[in-house]
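Both backbone and side-chain heavy atoms feed into the values below; hydrogens, waters and symmetry mates do not. This chain uses plain numbering: 1 for the first residue, then up along the sequence.
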Amino acid sequence: MRVGVVFPQDEIGADIGAIRDYATIVQELGFSHILAFDHIVGADPDVHRGDLPYDSDTTFYEPLVLFGYLAAIVPRLELVTGVLVLPQRQAVLVAKQAALVDLMTGGRFRLGVGVGWNALEFEALGEDFTNRGLRSEEQIELMRCLWTDRSVTFKGHYHRTNAVGIAPKPIQRPIPVWMGALSAPGYRRAGRIADGWFPMVRLGPELDAALAEIQQAAVAAGRDPADIGMEARLDWTGDVDSVAAQADLWAAAGASHASLNTMGAGLATVDDHVAVLSAVADVVLK
């Protein structure tokens, strides 16, 4: 199982030097990848009341722009969006951006995508929240064509292109597309068309049920379920042994990848995050 880290978006602040140092240490410690979350806007908590996981004051870096920067700093690391909210964006533009990130990383890029949950973001970006699942499937189909074919004429329900192409092409043709999913339709979508998925459920019966949906959909689509990767989330709770135990359990459950998440654990500085990564690396990456 390949183990990477979750970029601490909302705790790293606006210090570009800290981002550079953090990424460099991640590479030096031997982790395999950096995974970054995605949110473009947050709700103003003075206007939109409720239990919000983030708001308009929460720091978020746009992943593909961030990766363009990191590609030159950590050339050995794979960069992963986990996940990019695809239906908030134009499919052709994402295909172009992703192709360049893949080129700049030497083919070390995974495009994790999801359908999102925040209707306010869709409104702010001028996109339809209600059809985001169906649109995302068509977007993936179109992007894969653009990554592999010189000229693409595409006539879908939501997208149309007339003999167009992108250059330069990515190194990976096509770029691996992984999916975040938390519902039966999402699991079935991952089984039909994804190269991998990010579980958002706990180990045990919830994971088993999700895997069953994915595997059934894969078989129905003529795919081998074993070809679909799975990336777990390892949460830091103050105990290296706990992380090691989580890693062992996820590996036994079939995870091909995992990412260590140090956000929301009371770590006050970038140095605190780095200290945790170092401690975990000594145990988990042996």
Side-chain angles (χ1 to χ4, degrees), residues 2-42 44-45 52-85 89 93-94 96-112 121 170-171 175 198 231 233-238 240 243 257-285:
R2 296 171 60 83
V3 180
V5 304
V6 176
F7 179 70
Q9 285 269 28
D10 60 348
E11 296 174 3
I12 205 163
D15 184 346
I16 302 303
I19 294 173
R20 181 190 61 241
D21 294 344
Y22 173 88
T24 300
I25 292 170
V26 168
Q27 180 172 259
E28 291 173 350
L29 288 172
F31 288 97
S32 68
H33 59 276
I34 292 178
L35 179 147
F37 298 152
D38 171 46
H39 285 295
I40 295 178
V41 297
D44 182 346
L52 301 173
Y54 71 97
D55 58 35
S56 55
D57 297 315
T58 308
T59 301
F60 268 97
Y61 287 83
E62 201 288 320
L64 299 178
V65 174
L66 173 68
F67 288 173
Y69 174 68
L70 292 181
I73 295 171
V74 286
R76 298 196 304 273
L77 289 182
E78 182 185 34
L79 301 179
V80 185
T81 57
V83 295
L84 192 82
V85 186
R89 294 166 163 86
L93 180 57
V94 174
K96 178 79 170 185
Q97 292 170 319
L100 291 175
V101 170
D102 190 68
L103 185 66
M104 289 186 286
T105 59
R108 296 179 182 87
F109 176 54
R110 263 186 292 144
L111 181 63
E121 281 191 287
I171 292 174
I175 293 167
F198 303 94
E231 173 141 349
R233 184 75 43 80
L234 310 177
D235 290 317
W236 173 254
T237 58
V240 172
V243 174
H257 299 69
S259 291
L260 172 62
N261 177 37
T262 57
M263 289 194 296
L267 303 177
T269 68
V270 173
D271 288 343
D272 291 340
H273 285 274
V274 167
V276 169
L277 300 186
S278 180
V280 171
D282 286 342
V283 175
V284 175
L285 302 184

What's the shortest heavy-atom distance between [X] and [Y], and which atoms?
X	Y	value
A72	P75	O-CD, 4.5 Å
R233	N261	CD-CB, 3.5 Å
L234	V3	CD1-CG1, 4.4 Å
A36	Q9	CB-NE2, 4.2 Å
G82	F37	O-CD2, 3.0 Å
I34	F67	O-CZ, 4.2 Å

Pairs involving [range], ordered by first then second residue, that meet salt bridge (Lys or Arg N to Asp or Glu O under 4.0 Å) (sequence neighbours left out):
range	value
residues 54-75	E62-R89
residues 261-271	none
residues 96-111	E78-R110, R110-E231

(request) Please name all residues satisfying side-chain contact (heavy atoms from CB on, under 4.5 Å) with D272, sequence neighbours left out, ordered by chain then number. (result) L267, A268, T269
(message) So, using side-chain contact (heavy atoms from CB on, under 4.5 Å) as the criterion, who are the partners of R2 when residues are at least two apart?
(response)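 Applying side-chain contact (heavy atoms from CB on, under 4.5 Å) to R2 gives S32, H257.
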(message) Please evaluate residues I40 and F60 with respect to the criterion side-chain contact (heavy atoms from CB on, under 4.5 Å), reporting the C-alpha separation (whole Å), side-chain torsions for both, the decisive distance (0.1 Å), and the verdict.
(response) CA-CA 7 Å; I40 295 178; F60 268 97; over 6 Å; no
(message) Name the residue from L35, L84, L70, L79 that meets the side-chain contact (heavy atoms from CB on, under 4.5 Å) definition with P63.
(response)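 Passing option: L84.
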(request) Report the residues that fulfil side-chain hydrogen bond (donor to acceptor under 3.5 Å, both in side chains) with D10, sequence neighbours left out, ordered by chain and then residue number. (result)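 side-chain hydrogen bond (donor to acceptor under 3.5 Å, both in side chains) list for D10, sorted by chain: empty.
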(request) Please list, chain by chain and in numerical order, all residues satisfying side-chain hydrogen bond (donor to acceptor under 3.5 Å, both in side chains) with Y54, sequence neighbours excluded. (result)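 Partners of Y54 under the side-chain hydrogen bond (donor to acceptor under 3.5 Å, both in side chains) test: H39, N118, E121.
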Would you list the atom pairs, donor with acceptor, under 3.5 Å between side chains in residues 273-285 and any protein atom, with sequence neighbours excluded?
residue	atom	partner	partner atom	Å
H273	ND1	T262	OG1	2.7
H273	NE2	E11	OE1	2.8

When the side chains of residues 17-25 are checked against the rest of the protein, which donor-acceptor pairs come out under 3.5 Å, sequence neighbours left out?
residue	atom	partner	partner atom	Å
Y22	OH	V6	O	3.4
T24	OG1	R20	O	2.8

(message) Strictly distance-based, threshold 3.5 Å: is any side-chain N or O of T81 a donor or acceptor partner for the main-chain N or O of L111?
(response)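 No; judged by distance alone, with no hydrogens or angles, the pair does not exist.
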(request) Hey, could you give me the OH/CZ distance between Y61 and F7, rounded to the nearest 0.5 Å? (result) 6.0 Å
(request) Return the set of residues passing ring pair (Phe, Tyr, Trp, His ring centres under 6.0 Å) with F198 (not counting sequence neighbours), or none when no residue passes. (result)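 With sequence neighbours excluded, F198 shows a ring pair (Phe, Tyr, Trp, His ring centres under 6.0 Å) to W178, given in chain and number order.
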